[in-house]
Every structure is written in C-alpha cells, then in structure tokens.
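Here's the structure we're looking at; comments come further down.
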Amino acid sequence: MKDFEMWDIYCENNDIKNKSYTSWQFGEKADELAKLVIDGIKTATTSAFILYGDYEPLPKKDEYSVILDSNDEAVCIIKTIKVYLERFSSISSEYALKEGEGDKSLEYWKKVHKDFFTKELEDAGLEFDEDMIVVCEEFELVYKGDKDV
C-alpha cells in the first residue's frame with residue numbers, strides 16, 4: 001500500500017480533514033524498526049539536529065507520519081506527542097527504553113546510535129561528537145496497516 005492510500009483510509013475512518021502528513025523509513029533497519037512500532041515496543045526515535053536545515057523542518061507535536069518499510073510501502077501511522085532537543089551524552093535510560101531496540105538498555109542505544117550517527121554524519125562531511133544535539137521524538141501508534149513487516 002502506498003503512503004497516500006493508507007493516509008486516505010485513516011482520515012476517512014477517523015473523520016480527519018485538512019491534516020498533512022510526512023512519510024519516511026526508520027534508519028538502516030526500516031523493516032525491523034517499523035515492526036517494533038507496530039508491536040507497540042518502539043515509541044520514540046532520534047535524529048541528528050545538525051542535519052536539519054532549511055528544507056527539512058523539525059518534527060512537531062501533533063504531526064502525523066506514515067511509516068514505510070524498506071520497499072517504501074506504508075505499514076503504519078504514528079502521531080508525534082513530544083519533541084525536544086538533548087545532548088547525545090545526556091540521553092536517559094528511560095528514553096532508550098522508549099526506542100525499544102535491542103535489549104532496550106542505554107548502553108545498547110548509545111552503541112547503535114553512535115554507529116548510525118557516525119556514518120550518517122560522515123556522509124554529510126561531518127563528525128560525530130558525544131555532545132552533539134539530537135532531536136528526540138516520542139510518538140504513539142494511531143493506525144496499523146494490514147501488511148506484515
């Protein structure tokens with residue numbers, strides 16, 4: 001299913017009018033992370049603040065996103081409930097648990113996110129720094145598609 005098809009179904013079933021949405025995949029493990037969202041385990045995601053610019057605004061509370069799998073097929077819809085900036089080095093174990101990845105520990109979160117951000121920033125000609133600012137986005141699952149991830 002395409003993102004606009006899922007969005008149309010969701011809007012029709014929930015009497016939503018004049019609301020926009022974005023569509024995107026989670027990092028390098030799009031299918032695995034989307035499944036964690038569908039299963040109610042992943043309720044947060046993190047991005048590098050420095051990579052936002054004039055053409056990509058920060059996420060905002062009450063915005064909707066259609067989450068895509070690795071084939072750009074829509075799998076679910078989330079609604080952002082909280083957005084804040086934090087230093088990478090200051091992420092809490094409570095937040096790492098909301099990310100829902102691996103063993104859900106802060107140590108695991110730091111390792112996989114350091115690896116991910118190092119590569120992502122390197123691709124942009126930048127370097128990872130433990131004190132860099134990250135965008136913390138918490139969300140709720142509002143619609144599950146019928147496709148297995």
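All values reported here derive from a predicted model rather than from experimental measurement.
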Quiz prompt | His113 NE2 to Thr118 OG1 distance, which is reported to the nearest 0.5 Å | solution = 12.0 Å

Quiz item: When rounded to the nearest 0.5 angstrom, what distance separates CG in Asp72 from OG in Ser23?
Solution: 8.0 Å

Quiz item: Do Tyr21 and Tyr10 make the cut of ring centroids closer than 6.0 angstrom?
Solution: no

Exercise. Using the side chain to side chain contact (heavy atoms under 4.5 Å, CB included) rule, take Ile78 and Glu140 through it: C-alpha gap first, then chi angles, then the decisive distance, then the call.
Key: CA-CA 5 Å; Ile78 60 172; Glu140 62 184 354; over 6 Å; no

Quiz item: Can you list the residues that meet the salt bridge (Lys or Arg N to Asp or Glu O under 4.0 Å) rule with Asp123, with sequence neighbours excluded?
Solution: Lys119

Exercise. Mind checking the CG-OH spacing from Leu58 to Tyr52? Nearest 0.5 Å is all I need.
Key: 6.0 Å

Practice problem: Any pair with a residue in residues 39-49 that passes salt bridge (charged side-chain N to carboxylate O under 4.0 Å, His left out), sequence neighbours left out, goes on the list, sorted by first then second residue, please. | Solution: Lys35-Asp39, Lys42-Glu99, Lys42-Glu101

Quiz item: Among Asn71, Leu68, Asp69, which residue meets the side-chain contact (heavy atoms from CB on, under 4.5 Å) test with Gln25?
Solution: Leu68

Quiz item: Mind checking what makes salt bridge (Lys or Arg N to Asp or Glu O under 4.0 Å) contact with Asp115, not counting sequence neighbours?
Solution: Lys111

Practice problem: Spell out, yes or no, whether Phe4 and Ile16 are grouped together once hydrophobic residues are joined by side-chain heavy atoms under 4.5 Å, including indirect joins. | Solution: yes

Quiz item: Under the salt bridge (Lys or Arg N to Asp or Glu O under 4.0 Å) test, which residues partner Lys2, sequence neighbours left out?
Solution: Glu73

Quiz item: To the nearest 0.5 Å, how far apart are OG1 in Thr45 and CH2 in Trp24?
Solution: 5.0 Å

Quiz item: With side chains defined as the heavy atoms from C-beta onward, is the minimum distance between Glu138 and Thr43 less than 4.5 Å?
Solution: no

Quiz prompt | Counterpart residues, salt bridge (Lys or Arg N to Asp or Glu O under 4.0 Å), relative to Asp15 (two or more places apart) | solution = Lys17

Self-check item: NZ/Lys29: more than 12 non-hydrogen atoms of other groups inside 6.0 Å
Solution: no

Quiz prompt | Co-membership, hydrophobic cluster, residues Leu33 and Ile41, 4.5 Å side-chain | solution = yes

Quiz item: Which of these, Lys60, Glu137, Glu63, sits in a side chain to side chain donor-acceptor pair (under 3.5 Å) with Thr80?
Solution: Glu137

Self-check item: Leu97 CG to Asp103 CG distance, which is reported to the nearest 0.5 Å
Solution: 10.5 Å

Quiz item: In the hydrophobic cluster built from side-chain contacts under 4.5 Å, what are the other members alongside Phe116?
Solution: Ile50, Leu51, Tyr84, Phe88, Ile91, Tyr95, Leu106, Trp109, Phe117, Leu121, Leu126, Phe128, Met132, Val134

